[in-house]
Amino acid sequence: MARTSGSHSEITGPRLRAAAQALFARHGYAAVSMRRIAAEVGVQAGALYNYIPDKQGLLFELMKSHLDELLATWEALPKGRGPRDALEAFTRFHIRFHLDRPDAVFIAYMELRNLEPGNFRTIEALRRRYETVLEDILREGGAQGAFDVADSKHAAFAVIAMLTGVTTWYRDEGRLSRAEVEDLYWNMVKKAVSA
């Protein structure tokens with residue numbers, strides 16, 4: 001029998017993933033039991049297995065869906081003309097996307113060590129695809145004389161680390177607006193790679 005819209009499964013599955021994401025981000029993957037996730041959602045622990053294969057599968061699904069969404073959203077955005085426009089688009093996109101998802105970002109970066117080898121390879125390949133986007137922008141800018149980057153791979157790592165770090169300190173009620181943060185970080189990135 002097909003499930004109808006609004007069925008128990010369609011409601012519980014997303015609630016389960018949201019609860020697990022919040023708990024993993026707050027307490028760490030290793031410290032959160034399936035029983036605790038079930039209690040957060042208000043179901044019996046055994047019922048969780050109707051929605052996920054196991055805790056490892058849940059962690060993998062959270063990371064993969066975050067990275068899939070990251071890549072798809074980036075690919076759909078206009079990039080402007082040339083590497084300078086593309087670098088600005090990347091900088092602003094990365095900050096905007098990640099500020100809206102601090103728990104997902106924390107898990108994607110801090111829980112890699114808890115992935116089983118096969119899952120790690122899949123997640124690492126998706127991360128690498130995203131890093132390569134920036135690497136290619138920097139390489140093209142270097143070839144055109146717009147950027148001065150000795151090693152585009154390591155420069156990409158440094159830029160992504162700097163941009164991702166915004167999620168650790170930014171608060172909407174703080175001194176800077178999101179737009180001001182984007183401007184500030186775009187100026188820093190631009191100066192870091194300028195020819």
Side-chain angles (χ1 to χ4, degrees), residues 21 24-26 28-29 59-115 119-195:
Q21 180 170 280
F24 291 166
R26 194 172 314 122
Y29 171 81
L59 177 64
F60 174 72
E61 181 185 321
L62 289 172
M63 287 184 169
K64 187 174 184 314
S65 65
H66 171 70
L67 290 166
D68 285 343
E69 184 184 6
L70 174 71
L71 287 161
T73 305
W74 166 254
E75 287 166 10
L77 285 179
K79 315 297 187 289
R81 293 181 162 194
R84 188 181 181 285
D85 286 354
L87 182 60
E88 181 175 3
F90 184 94
T91 299
R92 292 180 184 280
F93 162 76
H94 188 93
I95 290 171
R96 201 173 308 127
F97 186 90
H98 286 74
L99 281 180
D100 286 338
R101 299 158 181 85
D103 286 351
V105 172
F106 181 84
I107 292 166
Y109 284 87
M110 300 307 295
E111 296 296 351
L112 284 168
R113 67 188 180 277
N114 286 307
L115 287 172
N119 289 340
F120 178 85
R121 283 190 294 277
T122 300
I123 296 302
E124 192 60 22
L126 291 170
R127 286 167 52 99
R128 185 71 194 116
R129 268 182 57 200
Y130 186 65
E131 291 160 357
T132 300
V133 165
L134 180 55
E135 221 179 297
D136 290 346
I137 291 169
L138 294 173
R139 190 177 300 113
E140 182 184 351
Q144 292 181 13
F147 304 147
D148 182 15
V149 178
D151 184 325
S152 59
K153 180 175 187 166
H154 288 96
F157 290 159
V159 169
I160 288 173
M162 178 176 68
L163 299 177
T164 304
V166 172
T167 62
T168 64
W169 64 263
Y170 181 80
R171 299 294 173 265
D172 282 321
E173 64 277 2
R175 180 173 62 85
L176 298 172
S177 70
R178 289 179 179 219
E180 289 171 322
V181 170
E182 284 182 32
D183 290 343
L184 180 69
Y185 274 72
W186 165 233
N187 282 325
M188 287 191 286
V189 169
K190 184 172 44 178
K191 286 176 185 171
V193 302
S194 288

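Keep in mind that what you see is a predicted model, and the values were worked out from it rather than measured.
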Run the side chain to side chain contact (heavy atoms under 4.5 Å, CB included) check on Glu135 and Leu138 step by step: do they pass? CA-CA 5 Å; Glu135 221 179 297; Leu138 294 173; 5.9 Å; no
Glu124 vs Arg127, test: salt bridge (Lys or Arg N to Asp or Glu O under 4.0 Å). Steps then yes/no. CA-CA 5 Å; Glu124 192 60 22; Arg127 286 167 52 99; 3.6 Å; yes
Given the rule in the side chain to side chain contact (heavy atoms under 4.5 Å, CB included) test, do Asp183 and Arg92 qualify, once you have shown the distances and angles that lead to the verdict? CA-CA 8 Å; Asp183 290 343; Arg92 292 180 184 280; 2.8 Å; yes
What's the verdict on side chain to side chain contact (heavy atoms under 4.5 Å, CB included) for Phe147 and Ile137, showing C-alpha distance, side-chain angles and the deciding distance? CA-CA 10 Å; Phe147 304 147; Ile137 291 169; 4.3 Å; yes
Lys190 vs Glu88, test: side chain to side chain contact (heavy atoms under 4.5 Å, CB included). Steps then yes/no. CA-CA 8 Å; Lys190 184 172 44 178; Glu88 181 175 3; over 6 Å; no
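In this structure, CD on Glu140 lies 11.5 Å from OG on Ser152, to the nearest 0.5 angstrom. With values rounded to the nearest 0.5 angstrom, Glu182 atom CD is found 12.0 Å from Asn187 atom CG. The distance from the CD atom of Glu111 to the CG atom of Leu59 is 6.5 Å, given to the nearest 0.5 Å. Between the CG atom of Asn114 and the CZ atom of Phe24 there is a distance of 9.0 Å, given to the nearest 0.5 Å. Atom CG of Leu112 is separated from atom CE of Met63 by 4.5 Å, given to the nearest 0.5 angstrom. Rounding to the nearest 0.5 Å gives a distance of 8.0 Å between CZ of Phe60 and CG of Leu115.
Side-chain contact check for His94 versus Ile160: some heavy-atom pair is nearer than 4.5 Å. Residues Leu126 and Lys64 have side chains in contact (heavy-atom distance under 4.5 Å, counting atoms from C-beta outward). Looking at Phe93 and Leu70, their side chains come closer than 4.5 Å, going by heavy atoms from C-beta outward. Proximity of Asp100 to Arg178: side-chain heavy atoms (C-beta onward) are separated by under 4.5 Å at one or more points. Side-chain contact between Leu87 and Trp186: present, with at least one pair of heavy atoms (C-beta onward) separated by less than 4.5 Å.
Without hydrogens or angle criteria, Lys79 side chain to Trp74 main chain gives a donor-acceptor distance under 3.5 Å. Of the possible polar contacts, one joining the Ser65 side chain to the Leu62 backbone as a donor-acceptor pair under 3.5 Å is found. In this structure, Thr167 contributes its side chain and Thr164 its backbone to a donor-acceptor pair below 3.5 Å. Side chain of Tyr130 to main chain of Leu67: no donor-acceptor pair is present (N/O by atom type, distance under 3.5 Å, no hydrogens or angles). A distance-only check finds no donor-acceptor pair linking the side chain of Tyr29 to the backbone of Met110 [under 3.5 Å].
Taking all atoms of both residues into account, the shortest heavy-atom contact from Pro78 to Ala89 is O-CB, 4.1 Å.
Heavy atoms from other residues, nucleotides or ligands lying under 6.0 Å from CZ of Arg128 number more than 12.
Electrostatic pairing of Arg81 and Asp85 does not count as a salt bridge here, judged by no charged N lying under 4.0 Å from a carboxylate O.
By the 6.0 Å and 45° rule, Arg26 does not stack over the aromatic ring of Phe106.
Taking the six-membered ring where the residue is Trp, Phe97 and His66 present tilted rings, their angle falling between 30° and 60°.
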